[in-house]
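To start, the structure itself, in structure tokens.
Counting convention: from 1, in listed order, for ligands and their atoms alike.
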Amino acid sequence: MEFKNIIFEKNDKIATISINRPKALNALNSETLKELDCVVDMIAEDEGVYAVILTGVGEKAFVAGADITEMKDMSVAEGRKFGILGNKVFRKIDLLEKPIIAAVNGFALGGGCELSMACDIRIASTSAKFGQPEVGLGITPGFGGTQRLARIAGMAVAKELIFTGRIIKAEEALRVGLVNKVVEPDKVMEEAVSFANTIAAQAPIAVKYCKAAINRGMQCDIETALMYESEVFGECFATEDQKEGMTAFVERREKSFKNK
Ligand code: CAA
């Protein structure tokens with residue numbers, strides 16, 4: 001399938017999505033969001049994809065936010081519709097049953113920071129910058145920033161960054177727990193691929209259940225969360241890969257998972 005604002009690549013078990021509007025620093029307009037929605041659906045249905053990498057084309061930006069040119073003259077109804085579209089697509093990324101790694105190669109501001117936070121893991125370049133500068137534009141974060149930043153980095157960090165619009169460097173993002181790892185700019189993709197390959201070598205159904213258990217569990221009370229954990233733990237024993245993983249351990253041989 002051909003996209004205008006997105007590049008989709010598949011290499012063995014790893015799919016890569018690159019937001020491709022470098023002239024606008026990969027800003028997310030409605031068209032790009034709809035393409036992202038479509039590509040996530042495609043990946044969800046592809047049993048051969050075990051892990052996903054999301055990045056931005058060019059050296060300057062991951063994504064510099066939602067498209068300000070498109071938003072500038074929006075009415076209340078249009079603004080709401082745009083927010084709902086972004087939230088729907090980012091939630092789809094949350095719920096994607098495959099791990100997704102953001103390779104943050106530059107600016108991750110507003111909708112860009114929010115997009116990285118919808119991913120499971122963030123690898124940042126030393127030159128990356130994060131922030132939610134929306135209040136400086138007269139708006140609130142609209143693609144999940146008020147919710148995911150607090151959940152990832154805590155309420156105090158979220159309130160500070162969102163109320164002030166302060167842009168932080170990768171090192172600070174690492175310190176507050178917003179990113180998992182910071183590497184030199186020319187190593188970001190390499191590191192993301194290495195993470196993706198390590199994950200793709202594990203039993204994919206188990207990884208899928210882990211993502212669901214962590215994400216769901218963070219939103220509910222501990223009793224319900226632990227019940228869900230027991231449920232998916234039990235379900236693992238219905239898979240061929242559980243038999244394979246444990247048999248290979250006992251027989252001291254290499255395992256070979258089949259996503260079954
Ligand atoms: N929307 C639309 N266009 C954008 C954009 C955005 N978010 N960010 C950058 N661009 C465009 C610029 O308009 C410029 O286009 P032209 O060459 O046609 O003028 C091009 O990208 C390059 O940008 P700059 O010339 O500004 O580059 P710079 O190096 O001087 O500055 C920057 C880089 C600091 C990232 C700056 O571009 C910037 O501040 N961008 C906006 C960041 C922002 O406020 N993001 C939040 C948007 S609101 C949001 O995302 C809401 C939400 O939660 C859903």
Donor-acceptor under 3.5 Å (Glu229 side chain, Ala225 main chain):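 Side chain of Glu229 to backbone of Ala225: no pair is present.
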
Sidechain-backbone polar pair: Arg122 side chain, Ser116 backbone, donor-acceptor under 3.5 Å: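 Flag set: sc Arg122 to bb Ser116 pair under 3.5 Å.
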
[atom] [closest protein heavy-atom partner, distance rounded to 0.1 Å]:
| atom | value |
| --- | --- |
| atom 24 (P) of ligand 1 | Leu25 CD1, 4.5 Å |
| atom 1 (N) of ligand 1 | Ile68 N, 2.9 Å |
| atom 38 (C) of ligand 1 | Leu109 CD1, 4.7 Å |

Does the protein put any heavy atom within less than 4.0 Å of [atom]?
| atom | answer |
| --- | --- |
| atom 12 (C) of ligand 1 | no |
| atom 50 (O) of ligand 1 | yes |
| atom 16 (P) of ligand 1 | no |
| atom 8 (N) of ligand 1 | yes |
| atom 53 (O) of ligand 1 | yes |
| atom 29 (O) of ligand 1 | yes |
| atom 36 (C) of ligand 1 | no |

Residues [X] and [Y]: side-chain donor-acceptor under 3.5 angstrom:
| X | Y | value |
| --- | --- | --- |
| Gln132 | Arg166 | no |
| Ser125 | Glu184 | no |
| Thr32 | Asn29 | yes |

Is [X] close enough to touch ligand 1? Criterion: a residue heavy atom under 4.0 Å from a ligand atom.
| X | result |
| --- | --- |
| Ala24 | yes |
| Gly145 | no |
| Lys60 | yes |

Lys258 bridged to Glu244 by N-O distance under 4.0 Å: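 Not counted as a salt bridge, because no side-chain N and carboxylate O are separated by less than 4.0 Å.
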
Ion pair check, Glu31 and Lys34, cut-off under 4.0 Å: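 Result for this pair is no, no salt bridge flagged.
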
Ring centroid separation Tyr228 to Tyr209 under 6.0 Å: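 Here the rings of Tyr209 and Tyr228 have centres that are no less than 6.0 Å from each other.
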
N or O contact, [X] vs ligand 1, cut-off under 3.5 Å:
| X | answer |
| --- | --- |
| Ala66 | yes |
| Ala64 | yes |
| Leu137 | no |
| Ile139 | no |

So do the side chains of [X] and [Y] get within less than 4.5 Å of each other, counting heavy atoms only?
| X | Y | result |
| --- | --- | --- |
| Ile17 | Ile7 | no |
| Ile14 | Glu9 | no |
| Val183 | Ile123 | yes |
| Thr16 | Leu54 | no |

Interfacing atoms of ligand 1 (cut-off 4.0 Å, heavy-atom, [X]):
| X | value |
| --- | --- |
| Gly110 | 46 (C), 50 (O) |
| Met71 | 48 (S) |
| Phe143 | 53 (O), 54 (C) |
| Pro141 | 53 (O) |
| Gly111 | 49 (C), 50 (O), 53 (O) |

Within reach of ligand 1, part of Ala27 (heavy-atom separation under 4.0 Å):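 Answer for Ala27: side chain.
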
Contact partition for Gln132 relative to ligand 1, non-hydrogen atoms under 4.0 Å: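 The answer is neither; Gln132 stays 4.0 Å or more away.
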
Selection from Glu134, Arg21, Lys23, Glu114 by shortest heavy-atom distance to atom 21 (O) of ligand 1: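 Among Glu134, Arg21, Lys23, Glu114, the closest heavy atom to atom 21 (O) of ligand 1 belongs to Lys23.
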
Asp67 to Thr69 - nearest heavy-atom pair and separation: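 In this case the closest contact between Asp67 and Thr69 is OD1-N, 2.9 Å.
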
Where Ile6 and Glu35 come nearest, the two heavy atoms and their spacing: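 In this case the closest contact between Ile6 and Glu35 is N-OE1, 3.4 Å.
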
Please set out all donor-acceptor pairs under 3.5 angstrom arising from side-chain atoms of residues 89-106, sequence neighbours excluded.
| residue | atom | partner | partner atom | Å |
| --- | --- | --- | --- | --- |
| Arg91 | NH1 | Asp94 | OD2 | 3.0 |
| Lys92 | NZ | Asp37 | OD1 | 2.8 |
| Lys92 | NZ | Asp41 | OD1 | 2.9 |
| Lys92 | NZ | Asp41 | OD2 | 3.1 |
| Asp94 | OD2 | Arg148 | NE | 3.2 |
| Asp94 | OD2 | Arg148 | NH2 | 2.7 |
| Lys98 | NZ | Asp46 | O | 2.8 |
| Lys98 | NZ | Val49 | O | 2.9 |
| Asn105 | OD1 | Thr55 | OG1 | 3.3 |
| Asn105 | OD1 | Gly56 | N | 3.4 |
| Asn105 | ND2 | Gly56 | O | 2.9 |
| Asn105 | ND2 | Gly58 | O | 2.8 |
| Asn105 | ND2 | Ala61 | O | 3.1 |

